[in-house]
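Residue numbers count from 1 along this sequence.
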Amino acid sequence: AAQAGELAEEFASVAGVKSASLDAMETLSAEEVLIAQQSGEFRIYPTTGPGWREYMVGARLHQLEPVPDPTPAGLFRFPEGTKFRGWPMPVAVVDGELLLEAPLDALAHGAAAHLDVVLGANRDEDAFEVLEGGGFGFKVIDWDMPAMPTHVRKALRRDFVSSMAWEVAGMPGARHWTPDKLRARVETLMLSYEEERRGDVRGMGP
């Protein structure tokens, strides 16, 4: 509930209403809500999906260090003076009113027992060239491509480590980690991922 309150208060401030109360929020039109989401500058960015902070913020993120500065309730936020445009990916907030428990817990307790759930995967998402007229061509991003110049591979890896360090920075156990520790943990994670991918344990191809 405290985290939900922090998100709501910042949004209310950006939207130009006096508080995050229901009465104040109801004075906003749908257009004003969308404008606040798209053009507002937010420091609080909960961890919602790998790479999302970089996607919303852009290349400027690589020019900064992920210095820890969590909110009082423990949410990730960008350092003071580095407000970025964009609204974080919608997240489920357990506020005790509209959502009583985390989504996975709710599923485990039968909240969606009456539904047929389709499972999928997003392995190699955005890793292929988009062809004219639709469809996908060759794989664009592959650390092991023989034709990829060494300096390009190193640059891609450096940017990826930076992006993931910003993502890990908001996790509960890493709220106060230094930038060096964040990058070191990401490097370890990448080594484990690459070992598993090359092993092709699920028969999906390396």
Side-chain angles (χ1 to χ4, degrees), residues 1-122 125-126 130 134 159 162-172 174-175:
Q3 292 182 346
E6 288 180 337
L7 286 166
E9 288 292 345
E10 184 174 53
F11 182 85
S13 175
V14 170
V17 293
K18 60 183 181 180
S19 74
S21 68
L22 181 59
D23 289 341
M25 290 293 194
E26 285 182 335
T27 65
L28 294 171
S29 66
E31 182 178 7
E32 288 172 327
V33 170
L34 290 175
I35 290 175
Q37 289 179 343
Q38 296 299 319
S39 63
E41 296 182 344
F42 301 91
R43 285 189 65 199
I44 301 176
Y45 264 69
T47 298
T48 56
W52 189 256
R53 288 181 187 137
E54 180 190 16
Y55 177 76
M56 292 300 295
V57 170
R60 277 187 61 202
L61 202 57
H62 295 305
Q63 302 171 13
L64 303 168
E65 293 280 10
V67 178
D69 186 20
T71 67
L75 287 174
F76 169 91
R77 64 181 169 187
F78 288 115
E80 185 68 48
T82 56
K83 295 181 181 179
F84 294 106
R85 293 192 178 278
W87 178 249
M89 181 188 296
V91 295
V93 177
V94 180
D95 60 1
E97 181 180 1
L98 299 178
L99 193 61
L100 303 181
E101 57 184 341
L104 290 180
D105 291 335
L107 289 173
H109 297 152
H114 61 294
L115 301 176
D116 292 327
V117 179
V118 179
L119 300 179
N122 61 346
E125 183 180 15
D126 295 332
V130 180
D159 289 349
S162 174
S163 299
M164 289 309 300
W166 277 104
E167 297 296 335
V168 174
M171 297 181 180
R175 289 173 185 158

**Q** So, E10 side chain and I44 main chain: donor-acceptor pair closer than 3.5 Å or not?
**A**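 At least one qualifying donor-acceptor pair exists.
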**Q** Which atom names give the shortest non-hydrogen contact between K18 and A24, and what distance separates them?
**A**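 Taking K18 first and A24 second, the nearest heavy atoms are CG-CB, 4.5 Å.
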**Q** As an exercise, state the distance from CG of L7 to CD of Q3, rounded to the nearest 0.5 Å.
**A**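 Output value for this atom pair is 7.5 Å.
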**Q** Is it the case that atom CG in L104 sees more than 12 heavy atoms from other parts of the structure closer than 6.0 Å?
**A**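 For L104, atom CG is not crowded (no more than 12 foreign heavy atoms under 6.0 Å).
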**Q** Closest approach of G74 and R175, non-hydrogen atoms and distance?
**A**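 Closest approach of G74 to R175, heavy atoms only: O-NE, 3.0 Å.
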**Q** On a heavy-atom basis, which atom in P70 and which in R77 lie closest, and how many Å separate them?
**A**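 Taking P70 first and R77 second, the nearest heavy atoms are O-NH2, 3.4 Å.
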**Q** Between M25 and A12, what is the shortest heavy-atom contact and its length?
**A**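 Distance-wise, the nearest heavy atoms are CE-CB, 3.7 Å.
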**Q** Assess the residue pair D23 and E26 against the criterion (side chain to side chain contact (heavy atoms under 4.5 Å, CB included)); give the C-alpha distance rounded to whole Å, side-chain angles, the decisive distance to 0.1 Å, and a yes or no.
**A** CA-CA 5 Å; D23 289 341; E26 285 182 335; 4.2 Å; yes
**Q** I need the D69 CG to L75 CG distance, nearest 0.5 Å.
**A**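 Going from CG on D69 over to CG on L75, the span is 12.0 Å.
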**Q** Rounded to the nearest 0.5 Å, how far apart are CG of L100 and CG of D105?
**A**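 Output value for this atom pair is 11.5 Å.
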**Q** Show the nearest heavy-atom pair for residues L28 and E32, with the distance to one decimal.
**A**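 Closest heavy-atom pair between L28 and E32: CA-OE1, 3.3 Å.
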**Q** Please assess V17 against F11 for the test side chain to side chain contact (heavy atoms under 4.5 Å, CB included), listing each intermediate value before the final yes or no.
**A** CA-CA 9 Å; V17 293; F11 182 85; over 6 Å; no
**Q** For the backbone of T71 and the side chain of E6, can you confirm whether one donor and one acceptor N or O come within less than 3.5 Å of each other?
**A**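 No, because the side chain of E6 does not come within donor-acceptor range (under 3.5 Å) of the backbone of T71.
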